[in-house]
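Comments concern the structure below.
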Amino acid sequence: MGNEEAARLWAQLSPAARERVDAEVVGRRRLHAVLALREAFREAGSRPPGLYACQAVVAARGEDLADRLEPLPPPDDVPTLLARAADLPGVPFAFEAEWDGDTQGWIADLYAVLPEPAGRVRIGSFRDGGGDRGDDSGDLYGRAAEAGRALGARFAVPFRFCAGDGPGPATAPDRPGDDPAGDDGVG
């Protein structure tokens, strides 16, 4: 497992507890795996390890079980996003992308901005899959911006990548031709 503490904690679990944790890891449910690990210690009458120790065990199990992990869902594509946008309860007046992240990497969420009361509605996500999807996961910003621009063009509304921390640039609203220099500000 690489980490001596993680290996020590793993060795303390019963075979049944190991199976429960591994099932969650294989299903890519890391938080559930951490919870199963902590619960296994409680069931055994022991004080559960801390969050970071449990995360280390789950990460090590993920490495050990890498060939058995459930595949990630395919990334959202423009036709799928267009269909979702067409099914919204109103006509969007803009599309936005926004950075998010979790313990597995960066995510670019794509939103349709609708009149109230709906407000912003998430219609898709692009995840930095670490290259295990068979696509160019390294260009997360480019893929999300391309999809957002396509949605904006289809609905004749602006698209913008909201400012914030993330692995790529963020811009003000963009419409092709708005910039006198010819740069639409995205990508």
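Counting from 1, the numbers follow the sequence of the chain as shown.
Interatomic distance, CG of Leu35 versus CZ of Arg20, reported as 12.0 Å (0.5 Å rounding). Between the CG atom in Leu82 and the CG atom in Asp87 there is a gap of 11.0 Å [rounded to 0.5 Å]. Once rounded to the nearest 0.5 Å, the distance linking CG of Leu88 with CD1 of Ile123 reads 6.5 Å. In this structure, the separation between CD on Glu19 and OG on Ser14 is 9.0 Å, given to the nearest 0.5 Å. Between atom CG of residue Leu110 and atom CZ of residue Arg143 there is a gap of 12.0 Å, rounded to the nearest 0.5 Å.
When side chains are defined from C-beta on, Val34 counts as touching Gln55, because their heavy atoms get closer than 4.5 Å. Here the side chains of Tyr52 and Val57 are not in contact, with every heavy-atom distance at 4.5 Å or above.
Listed by chain and residue number, Phe95 satisfy the ring-ring contact (aromatic ring centres under 6.0 Å, His included) test with Phe155 (two or more places apart in sequence, or in another chain). Scanning for side chain to side chain contact (heavy atoms under 4.5 Å, CB included) contacts around Glu24 gives Arg29, His32, Ala33, with sequence neighbours left out. For Glu5, the side chain to side chain contact (heavy atoms under 4.5 Å, CB included) partners at least two apart in sequence or on another chain are Asn3, Arg8, Leu9. The side-chain hydrogen bond (donor to acceptor under 3.5 Å, both in side chains) search around Arg154 returns none, not counting sequence neighbours. In this structure Ala144 satisfies the side chain to side chain contact (heavy atoms under 4.5 Å, CB included) test together with Ala108, Phe126, Phe161, sequence neighbours excluded. With sequence neighbours excluded, the residues satisfying side chain to side chain contact (heavy atoms under 4.5 Å, CB included) with Ala11 are Arg18.
Around CZ of Arg47, the count of heavy atoms belonging to other residues, nucleotides or ligands within 6.0 Å does not exceed 12.
Val121 and Val91 end up in different hydrophobic clusters when Ile, Leu, Val, Met, Phe, Trp and Tyr side chains are linked at under 4.5 Å. Tracing side-chain contacts under 4.5 Å through hydrophobic residues (I, L, V, M, F, W, Y), one never reaches Val26 starting from Leu31; they form parts of separate clusters.
The shortest heavy-atom contact between Val157 and Pro92 is CG1-O, 3.5 Å. A pairwise comparison of heavy atoms in Ser125 and Asp76 identifies N-OD2, 2.8 Å as the closest pair. Scanning all heavy atoms of the two residues, the minimum distance from Ala85 to Leu151 falls at CB-CD2, 4.2 Å. In terms of heavy atoms, Arg84 sits closest to Gly124 at NH1-CA, 3.8 Å. Residues Leu140 and Ile107 come closest through the heavy atom pair CD2-N, 4.1 Å. Here the closest heavy-atom approach between residue Cys54 and residue Arg38 is recorded as SG-CG, 3.4 Å.
Although no hydrogens or angles enter the test, the distance criterion places no donor-acceptor pair under 3.5 Å between the side chain of Arg120 and the main chain of Tyr111. Side chain of Arg122 to backbone of Asp109: no donor-acceptor contact under 3.5 angstrom is found.
The side-chain tip of Arg127 does not point at the ring of Trp106 from less than 6.0 angstrom away and within 45° of straight on. A cation-pi contact, defined as under 6.0 Å to the ring centre and within 45° of the axis, is absent between Arg149 and Phe159.
The pair Arg160-Glu96 meets the salt-bridge criterion, since a charged nitrogen lies less than 4.0 angstrom from a carboxylate oxygen.
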